*Asks:* 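Let me begin by handing over the structure; questions about it come next.
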Amino acid sequence: MREVYVIGIGITSFSRLEYPLVEVAGYPAMMALKDCGLSKVDHVYVSNMGASRINRQTGFASAVVDHLSLTPAGAELIENGPASGASAIKTGFMAVASGVHDVVLVTGAERMREVDNLEATDFVASLTHPLAEQIYGVTLPSLAGMFARLYMEKYGITSRHLAMVAVKNHDNAMYNPFAHLHERITIEGILDSADAMTNNPFVAEPLRFYDMCPVSDGGACLILASADVAKKTGKPMIRLSGVGQATDTHCVHDREDPTDLLAVRGAAAKAFQMAGVAPGDVDVAELHDAFTILEIAESEEVGFFKKGEGHLALEEGYTKLKGKLPINTSGGLKAKGHPVGATGIGQAHELVVQLRGEAGERQVKDAKIGFSCNFGGFGNNVVALVFTKEK
Amino acid sequence: MERNILGYKCKKCGHVHYPNRTLCRKCAHNEFEPVPLPKNGTLLTFTHLHNPLAEYEVPVISLGIVELENGSRITGQLKIKTPKIGMKVKAKIEQVRKSEYSTYWGMVFYKP
């Protein structure tokens, strides 16, 4: 297996974008091509979840490759729910590692704000089981609410811990010009004050408004290449050193212990094993905090903390920007935003920026190993990535 | 006739699946016998979902995961004012979602 490097990156603002979906995929790809100085690639992988339903566009990868004037390079769409982004990166990794291609462009795009919030929620709820979940009105926030209630009771986590995740990630997003939410929040404002119930109403109890990620448009791109090509670009040598994926039951009720996220555990273990590093070696991590509780749960399942102790690390400030292991320096899904099909590439983009030392005010000092967890469905399909900075 | 929700019992190992699947999760066998699921169970977790999907036309619906008497688990709606994890619940089969084209029936759990 050949080694695979990230040679170019690009991203859009994660927010409401008023231009067509193909440009949401195209703009970060253009930035990534400029970043590495290439004008041709061997193959294009496009990650997206909602083009056919929300934007009424099928065969979307063909539109993207032509829009970028990269024909006749091969192109296809990777749809793997909210884990589409990291899945596309994994597919690109395999293409280069195997020797089939030398340079691949992996671009993700989503334009969910073309529809209103309820329709966007209904679209995302189509991830759940049609006969055993959807018929009851189950949505992703409701699954997160049920998960949170059990998790909190079992491990003594309070609404205050969840709010600490939101405050931390909103703080980080203040330093990320591409983040969706540039809004500092306080525990006083969302939990303690007389206006807290107005500012921060319940959505899926015990989860409230500020426990949820926003509905975002956005795109992000990574260009992956073999070592030979990477050396010629003169860019910092950032190696995609580990990829891991695991699945779990479609219905959440089918899981033996509903507080276990076995696919997160499995994907992370495989990625760490391939990279030859341990969770304790990680300098900066992007976790899939579509709901605040998930940042805490994933920080345990991937091996950063013991099960049931993630919230204690949070209390100590261990995962803050200046802490020992900064988590979600980009603002996370919570504040950077969650354009579902592009999210996993957005996470990878942040890690490459950090490892290159280009993160400005949110730079983690001497970051050499980055880790991301991209969580599909409600944990039924998870892709983990490890990036390593080489000299 | 009393309405039931059907589980799918593996003809080889006897494990009851809900919902159905092509291959048994325990023994990979592919033949199943439909069996009515019991209606009594224990509430494992729940949520009150505010502003549910458009067709519900109510401000809040309650959802939960229940372990039924036979050990099968099911997601359902709750009509219980103050649910508690671990409480005993009993299902009625009621309309749980209505779209333009179809009506769906499922388990709605009450205090026994």
Side-chain angles (χ1 to χ4, degrees), chain A residues 115-126 128-154 197 200-209 211-212 215 247-260 291 293 378, chain B residues 5-8 15-21 25-26 37 41 43-68 71-78 82-86 91 93-99 102-109:
Chain A
V115 295
D116 65 29
N117 265 4
L118 266 182
E119 204 177 324
T121 303
D122 198 11
F123 152 60
V124 178
S126 66
T128 65
H129 198 290
L131 297 175
E133 291 178 332
Q134 277 177 42
I135 61 159
Y136 292 102
V138 166
T139 58
L140 271 283
S142 71
L143 291 176
M146 290 193 280
F147 176 81
R149 183 176 303 276
L150 205 52
Y151 213 90
M152 290 164 80
E153 175 159 307
K154 192 164 170 185
M197 278 307 280
N200 193 20
F202 281 117
V203 175
E205 296 180 37
L207 300 179
R208 299 168 182 243
F209 180 75
D211 290 310
M212 313 273 155
V215 175
T247 53
D248 201 348
T249 63
H250 191 185
C251 287
V252 171
H253 72 232
D254 255 342
R255 299 179 193 166
E256 209 158 311
D257 182 343
T259 56
D260 279 344
F291 309 102
I293 184 70
F378 197 80
Chain B
I5 301 291
L6 298 178
Y8 296 83
H15 187 80
V16 178
H17 296 274
Y18 180 78
N20 68 328
R21 48 178 74 226
R25 199 164 145 72
K26 300 287 173 193
L37 290 176
L43 184 63
L44 296 185
T45 184
F46 64 95
T47 186
H48 304 295
L49 178 65
H50 298 246
N51 302 312
L53 298 173
E55 57 260 44
Y56 284 100
E57 296 175 341
V58 290
V60 181
I61 62 170
S62 301
L63 297 162
I65 294 177
V66 172
E67 183 161 299
L68 301 171
S72 292
R73 290 191 188 162
I74 189 166
T75 304
Q77 289 180 357
L78 306 183
T82 49
K84 284 199 170 55
I85 288 178
I93 309 300
E94 296 180 2
Q95 283 186 19
V96 288
R97 190 166 183 173
K98 221 175 158 164
S99 75
S102 337
T103 301
Y104 299 95
W105 296 75
M107 285 200 184
V108 179
F109 291 96

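All values reported here derive from a predicted model rather than from experimental measurement.
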*Asks:* Rounded to the nearest 0.5 Å, what's the gap from CG on B/L43 to CE on A/M146? Could you check?
*Replies:* 10.0 Å
*Asks:* Between A/E119 and chain B, which part of the residue has a heavy atom less than 4.5 Å away: side chain, backbone, both or neither?
*Replies:* neither
*Asks:* Taking atom NZ of B/K98 as the centre, report whether more than 12 heavy atoms of other residues, nucleotides or ligands fall under 6.0 Å from it.
*Replies:* no
*Asks:* Which heavy atom of B/N51 sits nearest to which heavy atom of A/L118, and what is that distance?
*Replies:* O-CD2, 3.9 Å
*Asks:* I need the full list of side chain to side chain donor-acceptor pair (under 3.5 Å) pairs touching residues 55-66 of chain B, with sequence neighbours left out, sorted by first then second residue.
*Replies:* B/H48-B/S62, B/E55-B/R97
*Asks:* Evaluate the side-chain proximity of B/I65 to A/V252: yes if any heavy-atom separation is below 4.5 Å, no if none is.
*Replies:* yes
*Asks:* Looking only at heavy atoms, which two atoms of A/A204 and B/L49 are closest? And how far apart?
*Replies:* CB-CD1, 3.9 Å
*Asks:* Taking atom SG of A/C251 and atom CD1 of B/I74, what is their separation to the nearest 0.5 Å?
*Replies:* 9.5 Å
*Asks:* Could you tell me which portion of A/R208 (side chain, backbone, both or neither) has an atom closer than 4.5 angstrom to a non-hydrogen atom of chain B?
*Replies:* neither
*Asks:* Locate the shortest heavy-atom distance separating B/L63 from A/V138; write the atom from each residue and the value.
*Replies:* CD1-CA, 4.1 Å
*Asks:* Enter the distance from B/T47:OG1 to A/R149:CZ here, rounded to the nearest 0.5 Å.
*Replies:* 6.0 Å
*Asks:* Closest approach of A/H253 and B/T75, non-hydrogen atoms and distance?
*Replies:* ND1-OG1, 2.8 Å
*Asks:* With rounding to the nearest 0.5 Å, note down the distance linking OH in B/Y18 to CG in A/D254.
*Replies:* 10.5 Å
*Asks:* With a 4.5 Å heavy-atom cut-off, do B/P19 and A/H250 have their side chains touching?
*Replies:* no
*Asks:* What is the minimum heavy-atom distance between A/Y136 and B/M107, and which atoms define it?
*Replies:* OH-N, 2.8 Å
*Asks:* What part of B/L53 is in contact with chain A, defined as an atom under 4.5 angstrom from a non-hydrogen atom: side chain, backbone, both or neither?
*Replies:* both
*Asks:* Between OG1 of B/T45 and CE of A/M152, what distance do you get to the nearest 0.5 Å?
*Replies:* 11.0 Å
